[in-house]
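Some notes on the structure that comes next.
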Amino acid sequence: MGGLDELLRRHHIIICAGSGGVGKTTTAASIALRGALAGRRTVVLTIDPAKRLANALGMRTVGGSGSVVTGDDLQPGMLTAMMLDQKGAWDELVERHAPSAEVRDRILNNHFYQHLSQSFAGSYEYVAIEQLCELHASGAYDLIVVDTPPTRHALDFLEAPQRLADFLDRRVVKWFVRPYFSAGWATLRFVNRTVGFLFRRLEEATGISALVEVSDFFTSMSGLFEAFAPRVRRVYELLRSSDTCFVLVAAPEEQVLTEAEYFCRKVRELDIPLRTVVFNRTHRELTAGRQGVAADEVTRLMMRLLGEETLATKLAENFSHYEMIGRGDGLRMESFRRILPKGVATIEVPNFNSDVHSLADLRAMHPFLFAA
Amino acid sequence: MKPLLEKLFQRRLLFVAGKGGVGKTTTACALALIASQLGKRTLLTEVDGAGRAAYLLGVEPAPIGLPRRAGPLLSVMSVEGGAALAEYLEIILPVKRVLQAVFASRIYKYFVAAAPGLKELLTIGKIWYEAERLEESGGQRLWDLVIVDAPATGHSLQYLRMPHAAHQAFGGGLVGRESKRIVDLLVDPRVTAVNLVTTAEEMPVNETLEMYEQIRDELHMPLGILFLNRMHYATFEAKQVDNLERKLAKLHDARERAIATEVMNRGREEAGWTAINHRYSQRLASEVRMPRIEVPFVFAEEFGLKEVHAVVAAIVRDSAGSTRRGAVHGRA
């Protein structure tokens, strides 16, 4: 046992981060399956996986309550999959935090809220983290694996809750919105001349009625999130604790690695425990580090085996194409390894020639993810 | 000739959208190169990116909000909501000293970073501004064509939805009216087209189908071309590769066997992806009513300007209706 098995034993929470399109969802599901097979009560919090993967995980319907995954030597009840609903993320936040039914309805019926709630950034990430905290507190699981939302930047997942907390900070709302609407111009001029000027222009520009609605929205929201800032602080404490570790999922592509490099730097600043980098969908040269295999040697060998020139040539040509990718992947991964902080392990999972859509497929990743 | 592309380039504002990691930036760069070669003064804008488009075109990225020349008729620009707000405020608040105080204030920074939808609205606003922008001498438009390398699916939809939302929320005020002008432009089939990029495999195709429906039925935006990127076209059958397996046993030389095994595995990989691509390409054909262009997988050590040119060649070839397909070499 080694590699990720060590992480599974030591940590209760494994967070799979990475930019979009690198295979976070399948990696998270595969890690969770390993945990469950090792006899730990495991839950994977996932986001909109491919339909057939969702089916394999027993998630035929969308819902936050979770479905028990069966099959493939799994002991009953060992693996639960939960899917977050991106569309209803804000409504869920409001429902969860509203101090009374009246405040809840006031917000849900707010004109401004209704039009904008689908476009709010950051809420989805916050709901994911909130769910994580609840699962952790419930004590119902030995292992929680989190698949982070498909943002372009891996860091959004970490920064969104703080941004949201900043925005809903009572003090900010108090300075920025409330005085203007509750006490009028005189107060505002004392509070902040600059903001006063800005608001006069904004009022002229937008028309007062809209701003009243906006003000009402923020005032209700800030009341709603009374306990928001301390909650976010606790979230970050949990993310930094020894219970938690981060796995960065990356692909050996230049764009993805540039992003991953930034993530690694930022993770150190934020004091987040990054333990492992998984390179997904990799290719390797057959003779890495040495002189490549000469094309005509391959063609001759294929001729000898197949006795057919056209096919031999085609297969040899295909081989050389993949050697070319393998060479690039290898070089990029090597240079990425050099910038990684000490103590961060790297794992390579090769490119499979099929989609991952069953528990057996998830298991096929195990020899690579959990190689000693 | 290339009727499909020429029709597309008659519009002025082209979005290139799709799931993360499917090759949106590459496709947007290729379209921008083709358009500029056809004589269109083209601006390629990258939303919230790290200057990747500029690098792919072989130039250093310019500061956010400023164009960088990347060819005779081609410029590339990064767009970001915060910078766009600063630019907008400079237009409506012409007093420098006040502006500096606004920008320096903590509240302003909080507000721009976190205000729901503000960043998205301003980003689209900036793109709209560039699409409508006139030359300093007046009269003519500065750009014939603005191509937008959009963020990943979920985020693209957030951006594209914002003007609708703002228009409905703010009604008759200035913000409402400006938003309405943006919406009018976005839904006008003579001006705008949303192009979708996907790879032909399960997850990206699911997202593409979802996005297709939302753009058509919810945002009512005109659709352009569907790009199937990174298509594999194996020149041999999977079962031909399987024949190799039995013959491996005859090889006694370890090196030869290692090579032959690898040739077999890579052959299976290529045949496997070809089958998957074929299956999902058919699914797209039955569910998406958009003209499509297929772009073969580019085998290369590194993906740079040469490889973008390989994609350009593939797009031009396929849009002209040629059926010639096969592996593409970035290094050729």
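Residue numbers begin at 1 in each chain, while the letters A, B, ... track the order of the sequences.
Only the side chain of A:Arg281 comes within less than 4.5 Å of a heavy atom in chain B; its backbone stays farther off. When heavy atoms are compared at a cutoff of 4.5 Å, B:Arg257 does not approach chain A at all. When heavy atoms are compared at a cutoff of 4.5 Å, A:Leu311 approaches chain B solely by way of its side chain, counted from C-beta outward. Neither the backbone nor the side chain of B:Leu56 comes within contact range of chain A; no heavy atoms are under 4.5 Å apart. B:Ile276 touches chain A through its side chain: at least one heavy atom from C-beta onward sits under 4.5 Å away, while N, CA, C and O do not. When heavy atoms are compared at a cutoff of 4.5 Å, A:Leu301 approaches chain B solely by way of its side chain, counted from C-beta outward.
By the salt bridge (Lys or Arg N to Asp or Glu O under 4.0 Å) test, A:Glu334 pairs with A:Arg284, A:Arg337, sequence neighbours left out. Residues satisfying the ring-ring contact (aromatic ring centres under 6.0 Å, His included) test with B:Phe303, not counting sequence neighbours, are none.
In terms of heavy-atom pairs under 4.5 angstrom with chain A, the leader among B:Lys247, B:Gln240, B:Glu256 is B:Glu256.
Contact check for A:Met302 versus B:Leu244: side-chain heavy atoms found under the 4.5 Å cut-off. With contacts defined as side-chain heavy-atom distances shorter than 4.5 Å, the pair B:Val197/B:Arg230 does not qualify. Residues A:Phe352 and A:Asp361 are not in side-chain contact: their nearest non-hydrogen atoms beyond the backbone lie 4.5 Å or more apart.
The distance between the ring centers of B:Phe297 and B:Tyr233 does not fall below 6.0 angstrom.
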